[in-house]
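Note that the numbering runs from 1 along the sequence shown for the chain. Only this structure's heavy atoms are used, side chains among them; waters, hydrogens and symmetry mates stay out.
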Amino acid sequence: MSASETSLPKRLLGGAAVAAIALVLAACSEEKKEAASKAPAETSARADATITGSTAATPAASGQAKPAGTEVAQASTSAAKAELPQSEGSVDVQKLMEPGALPDMALGEANAPVTIVEYMSMTCPHCANFHNKTFDAIKAKYVDSGKVRFVIREFPFDPRAAAAFMLARCAPEGQYFPMISMLFKQQEQWAAAENGRDALLQMSKLAGFTQESFEACLTNQKLLDDVNAVMQRGAKEFGVKSTPTFFVNGEHYSGDMSVDVMSALIDSKL
């Protein structure tokens, strides 16, 4: 192993990456952060709840009694009433789906009527929130039924996110999505850990990596270059600026989405 090779894991996972986490927290899902920053100080709690999609006016707050059974009726129609997100434009679908530096990691039928391409960063908390709370329900409802093809593309904002993507690409065949899911569920344990290398090593061992395969993956300069190339193409050709960013049949949407919102968006394309 050359000196340049042994320095690569340190560049990816060293202490400097901890400082980079602060940058990704500011960079991912810029639209939501800007909206929160404009709220008055006394409404900061409400703004925080809005980011997580948990705001709701209660009858007690409004001073009005709610008729019996209203909760059930409202719950059953929540998806229908979900407000569609604002499109930020569109890109040519044929160009969007052209092969890039790495093969697309996709789930669903190739000829599904709706194709969703998500650009994400592994250290982005909004991306983790989407995959922990929304993705599985969308997969079960639309991907598994043949209505949606879901594609993930790498958009790492910092070295630690790039390392996580590399490990997911190095996982055994068929284990990319499970690895991504595990890393998002455990994001707080490794993304801001003081020793990122050891934290990711422990996560990787749960996925079947050995010390040797872990080192081999993170010293693969071509893989790192290809991950970065996917990110650069997304930024230059398709205008990706924040994560998560979704292209739904070529329409550009930024920011985390709840199950109801994404379901309404998909339904509008069917």
Side-chain angles (χ1 to χ4, degrees), residues 12-13 17-18 20-30 32-33 51-54 102 104-108 116-144 148 150-172 174-193 195-209 214 217-218 223 227 230-231 234 240 242-247 253-259 261-263:
L12 287 169
L13 302 170
V18 177
I21 300 300
L23 296 178
V24 70
L25 294 177
C28 69
S29 198
E30 294 172 348
K32 292 185 179 293
K33 180 180 176 183
I51 293 176
T52 60
S54 60
L102 289 170
D104 274 339
M105 305 307 295
L107 293 173
I116 299 175
V117 177
E118 179 193 3
Y119 283 89
M120 67 184 193
S121 178
M122 291 306 301
T123 48
C124 172
H126 300 295
C127 301
N129 191 67
F130 173 80
H131 278 268
N132 292 338
K133 297 181 179 180
T134 299
F135 179 77
D136 286 345
I138 295 300
K139 178 181 179 297
K141 185 177 181 181
Y142 295 101
V143 176
D144 295 345
V148 166
F150 202 104
V151 179
I152 285 180
R153 288 184 183 167
E154 294 88 345
F155 203 88
F157 276 115
D158 58 84
R160 203 167 291 192
F165 277 129
M166 291 170 70
L167 291 167
R169 286 281 181 175
C170 290
Q175 293 303 303
Y176 179 88
F177 280 90
M179 183 81 173
I180 291 292
S181 178
M182 178 188 70
L183 289 171
F184 271 140
K185 285 181 170 61
Q186 302 296 325
Q187 188 187 72
E188 293 182 1
Q189 275 62 55
W190 62 268
N195 190 324
R197 181 184 182 283
D198 286 351
L200 273 178
L201 175 59
Q202 294 306 312
M203 294 291 102
S204 299
K205 284 183 176 179
L206 295 176
F209 282 78
F214 176 83
C217 182
L218 294 186
L223 178 57
V227 167
V230 172
M231 176 183 66
V240 179
S242 62
T243 58
T245 286
F246 302 95
F247 291 94
Y253 302 91
S254 295
D256 187 12
M257 294 189 202
S258 67
V259 174
V261 170
M262 178 154 275
S263 294

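- Closest heavy-atom contact between A193 and A199: CB-CB, 3.9 Å.
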As a quick check of understanding, evaluate side chain to side chain contact (heavy atoms under 4.5 Å, CB included) for Y142 and S263, giving each step before the final call.
CA-CA 8 Å; Y142 295 101; S263 294; 3.4 Å; yes
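- In this structure, M182 and L206 approach most closely via the heavy-atom pair SD-CB, 4.0 Å.
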Apply side-chain hydrogen bond (donor to acceptor under 3.5 Å, both in side chains) to the pair H131 and Q187, showing each step before the final yes or no.
CA-CA 11 Å; H131 278 268; Q187 188 187 72; over 6 Å; no
Are L102 and R153 close enough, and set up right, to give a side chain to side chain contact (heavy atoms under 4.5 Å, CB included), and what steps lead you there?
CA-CA 9 Å; L102 289 170; R153 288 184 183 167; over 6 Å; no
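- Across I180 and A168, no two heavy atoms sit closer than the pair CD1-CB, 3.8 Å.
- L183 CG to C127 SG: the interatomic distance, rounded to the nearest 0.5 Å, is 13.0 Å.
- To the nearest 0.5 angstrom, C170 atom SG is 13.5 Å from F165 atom CZ.
- Within the 6.0 Å centre-distance limit, the rings of F150 and F135 are counted as a close aromatic pair.
- Within the 4.5 Å cutoff, side-chain heavy atoms of M120 are placed close to those of F184.
- Between D144 and L107, the closest side-chain pair of non-hydrogen atoms is not below 4.5 Å.
- In this structure a side-chain-to-backbone donor-acceptor pair under 3.5 Å is missing from T245 to Y119.
- Considering F130, Y253, F155 in turn, F130 is the only one that fulfils the ring pair (Phe, Tyr, Trp, His ring centres under 6.0 Å) rule with F246.
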Do Q202 and W190 pass the side chain to side chain contact (heavy atoms under 4.5 Å, CB included) test, and can you show the C-alpha distance, the side-chain angles, and the key distance before you say yes or no?
CA-CA 9 Å; Q202 294 306 312; W190 62 268; over 6 Å; no
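- Remark: M262 CE to I138 CD1 distance equals 6.0 Å, nearest 0.5 Å.
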Determine, stepwise, if the pair F214 / L200 fulfils side chain to side chain contact (heavy atoms under 4.5 Å, CB included).
CA-CA 9 Å; F214 176 83; L200 273 178; 4.2 Å; yes
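- Using a 4.5 Å heavy-atom threshold, the side chains of Y176 and I152 count as touching.
- The minimum heavy-atom distance linking G174 with P178 is given by the pair O-CD, 3.7 Å.
- The side-chain heavy atoms of K185 and N132, taken from C-beta on, include a pair separated by under 4.5 Å.
- Between the CD atom in E154 and the CE atom in M105 there is a gap of 8.0 Å [rounded to 0.5 Å].
- When side chains are defined from C-beta on, M231 counts as touching P156, because their heavy atoms get closer than 4.5 Å.
- Residues K141 and V148 are not in side-chain contact: their nearest non-hydrogen atoms beyond the backbone lie 4.5 Å or more apart.
- Side-chain contact between M179 and S204 is present, with heavy atoms from C-beta onward closer than 4.5 Å.
- Closest non-hydrogen pair, R160 versus A192, comes out as NH1-C, 3.8 Å.
- Taking the salt bridge (charged side-chain N to carboxylate O under 4.0 Å, His left out) definition, one finds that K205 meets it with nothing, sequence neighbours left out.
- Contact annotation: the side chain of L218 approaches that of M166 to within less than 4.5 Å [non-hydrogen atoms, C-beta and beyond].
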